[in-house]
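Order of the sequence lines fixes the chain letters, A, B, ..., with proteins taken first and strands second; residue numbering starts at 1 for each chain.
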Amino acid sequence: MNIAYAVILLGVLGALFGLVLAVASKIFEVKKDPREEAILGHLAGANCGGCGYPGCAGCAAAILAGDAPVSACAPAGPENAAAIAEIMGMAAPTGERQVAFVRCNGGTNAKKRFEYVGVKDCISATKVAAGPLECEFGCLGFGSCVAACQFGAMSIGPNGAAVVDPEKCTACMACAKACPRHLITSVPASKKVHVLCANQEKGKAAMSVCSNSCIGCGLCQKECKKDAIHVVNGVAVIDYDKCVGCKLCTKVCPRDAISPVATAEEKEKYKAIKKAQAEKTKAAAEAAAKAAAEAPKA
Amino acid sequence: MEQITNLLAITLGAVLANNFIFSQFLGICPFLGVSKKVDTAVGMGVAVTFVMGLASAITWLVNVLLVKLGLEYMQTVAFILVIASLVQFIEMFLQKAMPTLYTALGVYLPLITTNCAVLGVALLNIQNNYNFIESVVYGITGGLGFLLAIVLFASIRERLVFAEYPKAFEGFPIALITAGLMALAFMGFSGLKIW
């Protein structure tokens, strides 16, 4: 009998409280924006906190409030970002995939001041007399970035400088934070032409430390038809918004400091084409001048 | 007169000598979790005080019913039911009436449900054979003790940001050490028990 009482009592209490709560939920109902729920549906739902907000619900609220971009959730991918943009009544983001890029091709081409035999770590190496390289901008090649990469996208290339595998890179830029020489930047994945040097010295000072250094001569800047490459602080910098990837700059660079590095053959070919073109324009100009000189007589 | 003296004794005991956090070690989770800022600590303290007072009253009435039916052994289950629904109710109420406090308390508001100080006060009321008024007073003053403790702790933690201590103590370790020292200090009030 006691058990029956217990069951009945708790049942009645539960039902009573349930009823009170049901009534209260109607009385104290807070109208929520239905879009928040819809946005939440398009987020990754892992509550990973990668967006910087407390959980996916926090992120959805921030997107709705306009504090976060519609693409705030990286794991959800561009399709979901587009869907959220639609919910918010905005145009879908057209942000291009970025990848990391190491602005140095020095490695074994760079001259060494001394042989570093300490801990195989770039930061440690820079602590010993400012590093073993003559070039104070170059990649040390001890692979601090390789260790920092969680995706296996970094490796030390054949000539001793770090290289990025753009297929594996997620542009998390952990490598950039690990690099004591600040050589790693993020570049659009679709662009193929990059400057392979960060040496800000000019002329002889840059030339003497490495066989691949940018000396700031400005030939590339003159050659570019799209005004997409400029010498800034003694080193060529590409404006990726303007670059169309024609590779003319790679062919005129006397230091092979722009990737993809043109072969000697390609360079000769381009030189020949340019020479022919120059002769042609010269001949045309002479012909025009001649015609102009003859014209008044007629 | 005797009644008032009795209530005063209960009050002093609940706030200082038998402080729920520092001498009974109940409700440690929100004490550590919501004590980073004095503002939210005050909000949490007030919410807990409110829930403890209300829970004391309702559980006392429920207990009368339980005693009548000879179901004292169901106390814990029944009290948890009461407290859980109460917290749900307060959550709804706060969301409507005080949205700022609601967002400030965040995840700790539903956590009051599992705050053992609330269940603790309900069970202690029965254990101490308090009548209805005594129970409500014990609940509210117990909550005030919680409020006092969490506000003091939060104000110390705010200042800790500027203090210098070894890096290994950053965050929770230094908070726990602080809480331990405060508990030691509150032990000094135990002499009031004779009153």
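Here the CG-CG distance, from B:Leu86 to A:Leu21, works out to 9.0 Å after rounding to the nearest 0.5 Å. In this structure, OH on A:Tyr5 lies 9.0 Å from CG on B:Leu71, to the nearest 0.5 angstrom. Atom-to-atom distance recorded for A:Phe28:CZ and B:Phe89:CZ is 4.5 Å, nearest 0.5 angstrom.
More than 12 heavy atoms of other residues, nucleotides or ligands shown are found within 6.0 angstrom of CZ on A:Phe17. Within a 6.0 Å radius of OH in B:Tyr165, other residues, nucleotides and ligands contribute more than 12 heavy atoms. Heavy-atom neighbours of A:Glu167 CD from other residues, nucleotides or ligands within 6.0 Å: at or below the threshold of 12. With a 6.0 Å radius and a threshold of 12 heavy atoms from other residues, nucleotides or ligands, B:Glu158 has its CD atom above the threshold. More than 12 heavy-atom neighbours from other residues, nucleotides or ligands sit within 6.0 angstrom of OH on A:Tyr116.
With a 4.5 angstrom heavy-atom cutoff, B:Val62 touches chain A only via side-chain atoms.
A heavy-atom distance below 4.5 Å is found between the side chains of B:Met74 and A:Leu10.
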